[in-house]
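Residue numbers begin at 1 in each chain, while the letters A, B, ... track the order of the sequences.
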Amino acid sequence: MALDINEFVKRLKDAYKAWNAPVITFMAGIGATPFEVLIATLLSLRTKDEVTAPAARRLFAVANTPETLLALGEEEVAKLIYPVGFYPTKSKRIMEISTMILDKYNGVVPDDLDELLTLPGVGRKTANLVLVEGYQMEAICVDTHVHRISNRIGYVKTKNADQTEMALRKKLPKKHWIIYNEILVAFGQVLCRPISPFCSTCPVADLCPKIGVTKHR
DNA sequence: AAAACGGGGGC
DNA sequence: GCCCCAGTTTT
């Protein structure tokens, strides 16, 4: 029997806010601007969310626009975001992207996927997250959590994040797009872990075929 | 000492 | 499509 996605979303929708997934609650909590979403996403690369969120807070308290970040300078940015992983590379990237947004887009982060993709270090995941969290637009942002869980529950059968995005775009009812993203990221961070997920306390365990799960808690 | 943390870009 | 990349934290 195929997964009932409406029932799946409905059940998780009420539960997920209590999980306090760090970056999602962080961005929602401060009502992050598109530019803040962009920078926070760059910071989060290969870095745990509980490290990224405070670093983003420290940085945004001092500078949260292209102008102010450029005025602050690469060295100061690097100090503020430490100990986020790859902080020298990231502070350099923040300078590049701030420059480009200021020069090419008059300091306004584009609200268009193709424009966002022209920015250095911005791919489909980052671009779509800016659209979803920054502009509250209907988009699907597929990170490793969304990709893994979409396959684990048997809703799609895809090999990579891009394929998952396309499949979800076609298959997932549009009214679920944003909430599906948010709950799956939170769900993936706290319960539906890559290895040894917490199926015993999972609110949708009975709906889930646990595809590819060999061990669970 | 080794693994985990995830995405973008170059070829 | 495959391989490369970077630094901190956790085991």
- Quote, to the nearest angstrom, the P distance that separates dT11(C) from dG6(B). 15 Å

- Query: So what does Arg193(A) hit on the nucleic acid, given a heavy-atom distance under 4.0 Å: a base, only sugar-phosphate, or nothing?
  - Reply: sugar-phosphate

- Item | Members sharing Ile178(A)'s hydrophobic cluster (side chains within less than 4.5 Å) | Val132(A)

- Message: Donor-acceptor check, side chain of Asn106(A) to backbone of Val108(A), threshold 3.5 angstrom: yes or no?
- Response: no

- Item | Residues from residues 140-165 of chain A lying under 4.0 Å of DNA chain C - heavy atoms | none

- Distance between P atoms of dG8(B) and dT9(C) (Å, rounded): 24 Å

- Taking only residues at least two apart or on different chains, which pairs with a member in residues 100-151 of chain A satisfy ring-ring contact (aromatic ring centres under 6.0 Å, His included)? none

- Please list, in 5' to 3' order, the outermost nucleotides of DNA chain C lying under 4.0 Å from any heavy atom of chain A. dA6(C) to dT9(C)

- Message: Would you say Thr47(A) and Lys90(A) are linked by a side-chain donor-acceptor pair, where the criterion is simply a distance under 3.5 Å?
- Response: yes

- Using the P atom on both, measure dG9(B) against dT8(C) and round to a whole Å. 23 Å

- Message: Going by salt bridge (charged side-chain N to carboxylate O under 4.0 Å, His left out), name the residues that satisfy it together with Lys171(A), two or more places apart in sequence or in a different chain.
- Response: none

- Task: Report the residues that fulfil salt bridge (charged side-chain N to carboxylate O under 4.0 Å, His left out) with Arg169(A), sequence neighbours left out, ordered by chain and then residue number.
- Result: Glu165(A)

- In sequence, state the C-alpha distance, the side-chain angles, and the governing distance for Arg11(A) and Glu7(A), and then conclude on salt bridge (Lys or Arg N to Asp or Glu O under 4.0 Å). CA-CA 6 Å; Arg11(A) 278 205 224 166; Glu7(A) 176 66 14; 2.9 Å; yes

- Thr33(A): side chain to side chain contact (heavy atoms under 4.5 Å, CB included) partners, not counting sequence neighbours: Phe35(A), Glu36(A)

- Message: Regarding Thr126(A), tell me which of base, sugar-phosphate or nothing describes its non-hydrogen contacts under 4.0 Å with the strands shown.
- Response: sugar-phosphate

- Before accepting this row, confirm whether a basic side-chain N of the pair Asp143(A)/Arg124(A) lies closer than 4.0 Å to the acidic partner's carboxylate O. no

- List for me each residue that meets side chain to side chain contact (heavy atoms under 4.5 Å, CB included) alongside Asp14(A), sequence neighbours excluded, and say none if there are none. none

- Does anyone know the first and last nucleotide of DNA chain B in reach of chain A, 5' to 3', at under 4.0 angstrom to a heavy atom? dC5(B) to dG9(B)

- Got a sec, which residues hit ring-ring contact (aromatic ring centres under 6.0 Å, His included) with Tyr87(A), two or more places apart in sequence or on another chain? Tyr82(A)

- Query: Taking the six-membered ring for Trp, are Phe187(A) and Phe8(A) parallel (under 30°), tilted (30 to 60°) or perpendicular (over 60°)?
  - Reply: perpendicular

- Pairing of DNA chain B as dot-bracket, 5' to 3': ( ) intra-strand, [ ] crossing, | other strand, . unpaired, with Watson-Crick or G-U pairs under 3.5 Å? |||||.|||||

- Select from Ile195(A) and Leu119(A) the residue whose nearest nucleotide in DNA chain B is closer to the 5' end of that strand. Ile195(A)

- Message: Please classify the nucleic acid contact of Val122(A) as base, sugar-phosphate, or nothing, using heavy-atom distances under 4.0 Å.
- Response: sugar-phosphate

- Message: So, using salt bridge (charged side-chain N to carboxylate O under 4.0 Å, His left out) as the criterion, who are the partners of Lys174(A) when residues are at least two apart?
- Response: Glu138(A)

